[in-house]
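When reading the values below, keep in mind they use all heavy atoms of this one structure, side chains included, and skip hydrogens, waters and symmetry mates. Note that the coordinates shown come from a computational prediction; the quantities given were computed from them, not determined experimentally. Labels below follow one simple rule: chain letters A, B, ... track the order of the sequence lines, proteins then strands, and each chain is numbered from 1.
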Number of protein chains: 2
Amino acid sequence: MSRSNQMFKATVNVALSHVARMVPGADLGSEATLARDWQASRTTVRNVLTHLAGAGVILWEGRCKRLLRVPVASDYFPQTDVESTEDQAEQRFLEWMMRCELPPGSVLHESDLSRQLSLSVGVVRALLQRFQPMGLFEKNPNKHWVLHGFTRRFAAEMFAMRRLIETDAISAVLGAAQGSVVMQEMAHMERLHIALLARDDPAMAEFPALDSQFHRCICRAADNRFFDEFSQRISVIVHYHYQWNKRDEVARNRAALHEHLAVIRAVLEGRKEDARQAFAAHLDTARATLMASVSW
Amino acid sequence: MSRSNQMFKATVNVALSHVARMVPGADLGSEATLARDWQASRTTVRNVLTHLAGAGVILWEGRCKRLLRVPVASDYFPQTDVESTEDQAEQRFLEWMMRCELPPGSVLHESDLSRQLSLSVGVVRALLQRFQPMGLFEKNPNKHWVLHGFTRRFAAEMFAMRRLIETDAISAVLGAAQGSVVMQEMAHMERLHIALLARDDPAMAEFPALDSQFHRCICRAADNRFFDEFSQRISVIVHYHYQWNKRDEVARNRAALHEHLAVIRAVLEGRKEDARQAFAAHLDTARATLMASVSW
DNA sequence: AAAATGTATTTTATCCATAAAAGACCAAAT
DNA sequence: ATTTGGTCTTTTATGGATAAAATACATTTT
């Protein structure tokens with residue numbers, strides 16, 4: 001079979017929310033402009049226009065593209081059709097990884113997984129390959145995969161690496177000048193942290209994203225792609241891990257926010273030694289929290 | 001088309017050099033034993049036995065498997081048929097990467113590359129994906145790849161990471177007890193280094209492998225999969241890079257060997273501060289050498 | 001001439017068919 | 001009872017076919 005038309009459907013939805021802000025009768029502009037605005041190729045734009053004309057949302061004749069009626073909910077494709085297949089795949093795959101009860105050392109078959117996750121074998125293979133270098137899986141040539149999994153050891157090694165990198169990165173942060181991009185980002189992070197603490201949301205749904213943002217922001221100061229890459233990897237892993245280990249979640253997250261804030265404020269006020277110590281302390285509690293939540 | 005029978009051919013060659021050490025008339029043993037010895041499945045072993053029987057090398061009837069004649073050169077499959085396709089692909093790909101004259105930012109098409117390297121599109125994609133996280137390439141969804149390439153900046157960032165990791169690892173080395181595995185490996189490295197220096201091979205063909213072995217050996221002491229992984233990545237990149245930048249090769253390599261030896265001896269003799277300093281000095285010269293050889 | 005559209009070509013994503021290789025099962029032999 | 005070999009099933013590797021999406025080129029309109 002051929003590739004999916006997820007791009008087409010997604011662009012239809014983008015187009016609909018775009019024209020929803022216009023009044024009937026207004027002109028949509030040129031195809032090239034639309035392609036830029038909707039982030040798609042002209043080919044896709046033209047397919048979308050054909051679709052919208054067929055649905056009676058617009059009138060399209062040559063260079064005349066006019067809005068006929070404001071779109072309604074039923075014009076849109078459902079959200080599930082629109083999400084990029086890659087993202088969906090990664091999500092399903094990592095969720096499976098984190099909830100899976102298999103002991104380390106279990107053998108995995110691509111075909112098996114592909115059935116369980118309803119993903120094509122090719123996609124499963126790409127995911128396994130992607131997470132292989134981290135040591136979550138191993139592969140014997142011509143043979144099956146072996147699950148190493150998210151073990152205590154994995155967590156410990158990951159954290160050793162994190163400490164190394166982020167301790168180096170925090171020095172870069174402290175070396176940044178007042179008013180530099182890094183400092184602006186830190187000031188922004190302070191506002192976000194205060195806002196989240198004030199919200200007093202019992203679920204703290206936005207904590208994981210903010211946590212990841214905080215650590216990435218620090219790593220970025222080192223201006224090293226390898227730091228960034230590692231930081232991203234950690235975020236993904238930790239995120240999915242905590243999704244299935246919600247014990248003491250709220251208390252844990254509030255404590256982390258306060259620790260972040262202590263670091264941010266010390267940085268902003270130029271108290272370098274305080275910043276270093278606060279950050280080291282944060283890494284310690286983060287490590288302890290993570291290790292306590294790993295079962296194997 | 002179907003998959004290649006590289007495994008079969010490779011196993012035939014393994015089998016031939018196995019029976020070459022036996023006298024005609026000797027029994028080969030059970031299929032299961034052969035499968036273990038030849039590192040293949042019983043299915044493949046049986047195919048190989050059929051092939052060898054057809055070539056008149058052995059007599060095979062039920063459980064009687066007897067060597068008829070000592071194999072000759074023409075019984076073997078040529079070396080190129082036997083190398084794993086993955087290795088060949090990686091080799092061709094990285095060689096292309098390192099010699100390629102394209103400036104950073106060039107667009108790459110999978111189909112183009114697949115033609116240039118005579119590899120299937122799937123293999124090319126897998127390679128691009130594999131080296132993507134290192135930042136050698138980037139991909140826009142639904143679009144082409146962009147070459148970032150092995151730039152000065154890439155080299156600098158890679159080396160910053162290397163320094164961070166290996167400085168940490170050398171502490172682990174120095175913490176190892178006398179007679180521990182790490183120390184045994186260091187003693188072994190000393191012998192290898194002395195041997196290579198004594199050989200006085202003007203080409204120093206074996207230097208890259210030994211260099212990589214030295215650094216990996218140090219990384220392994222930290223007992224962290226992320227260190228190992230990074231170390232391996234560096235080895236691959238540096239290896240292919242220097243293959244196409246052979247200026248001052250011999251002098252450069254001899255100097256490096258001596259620097260390695262200084263580190264190894266300080267470690268073996270327990271002079272910890274000396275070891276640290278010698279290692280830091282080696283990283284400095286290695287960095288300078290690498291940076292001097294990058295063009296973009 | 002510049003910009004927009006119409007048309008054709010190229011490239012990517014995805015599934016399928018096929019043969020190799022691995023693995024499972026059972027009967028026969030020691 | 002354990003090992004060995006014969007047979008069958010499952011899984012993996014690999015290229016090809018096909019439609020989506022991107023891109024290049026030609027034509028028309030302003």
Protein-nucleic acid N or O pairs under 3.5 Å, nucleotides 23-26 of chain C:
unit_1, atom_1, unit_2, atom_2, d
C:dG23, OP1, A:His144, NE2, 3.4
C:dG23, O6, B:Thr43, OG1, 3.0

Return the polar atom pairs (N/O with N/O) between nucleotides 17-20 of chain C and the protein under 3.5 Å, or none.
unit_1, atom_1, unit_2, atom_2, d
C:dA19, O4', B:Ser2, OG, 2.7
C:dA20, O3', B:Ser4, O, 3.3
C:dA20, N3, B:Arg3, NH1, 3.4

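Remark: B:Arg233 engages B:Glu229 in a salt bridge, criterion side-chain N to carboxylate O under 4.0 Å. Residues A:Lys143 and A:Glu110 are not paired through a salt bridge, judged by the lack of any N-O separation under 4.0 Å between the basic side chain and the carboxylate. A salt bridge links A:Asp223 to B:Arg153: at least one charged side-chain nitrogen sits closer than 4.0 Å to a carboxylate oxygen. Under 4.0 Å is where a charged nitrogen must lie from a carboxylate oxygen, and between B:Arg63 and B:Glu31 no such pair does.
When distances are taken from the side chain of A:Ser111 to each of C:dT12, C:dA4, D:dT11, the shortest belongs to D:dT11. Considering only side-chain atoms of A:Ala40, the nucleotide from D:dA22, C:dG6, C:dA13 that sits closest is D:dA22.
In the model, B:Ser30 has a side-chain atom that pairs as donor or acceptor with a side-chain atom of B:Thr33 under 3.5 Å.
Rounded to an integer number of Å, the gap from A:Arg46 CZ to C:dA4 C1' is 10 Å. For A:Lys139 and C:dA22, the NZ to P distance is 11 Å, given to the nearest whole Å. Atom CG in A:Leu49 sits about 13 Å away from atom C1' in C:dA4, given to the nearest Å. To the nearest angstrom, P of D:dT23 lies 15 Å from CH2 of B:Trp145. Look at CG on B:Leu34: it is 8 Å from P on D:dG5, rounded to the nearest Å. Spacing between atom CD of B:Glu61 and atom C1' of D:dG6 amounts to 15 Å, rounded to whole angstrom units. If you measure from atom CZ of A:Arg36 to atom C1' of C:dA4, you get 14 Å, rounded to the nearest angstrom. For the pair B:Gln39 CD and C:dA22 C1', the computed distance is 14 Å after rounding to whole Å.
Annotation for A:Glu138: atom CD counts as buried by contact number, over 12 foreign heavy atoms lying within 6.0 Å.
Looking at heavy atoms from C-beta onward, B:Val146 lies out of side-chain contact with B:Ser106 at the 4.5 angstrom threshold.
Summary of the strand contacts: B:Asp112 and B:Val45 both lie near DNA chain C, and taking for each the nucleotide with the nearest heavy atom, the more 5' one is attributed to B:Asp112. With DNA chain C read from its 5' end, the first of the two nearest nucleotides for B:Arg63 and A:Gly29 is the one closest to A:Gly29.
A:Lys65 has a side-chain polar atom (N or O) that falls below the 4.0 Å cut-off from OP1 or OP2 of C:dT5.
Taking the six-membered ring for Trp and thresholds of 30 and 60 degrees, B:Phe137 and B:Phe93 have ring planes inclined between 30 and 60 degrees apart.
For the side chain to side chain contact (heavy atoms under 4.5 Å, CB included) criterion with B:Asp75, the lone passing option out of B:Val57, B:Val12, B:Val70 is B:Val57.
Within 4.0 Å (heavy atoms only), A:Lys9 reaches no atom of the nucleic acid at all.
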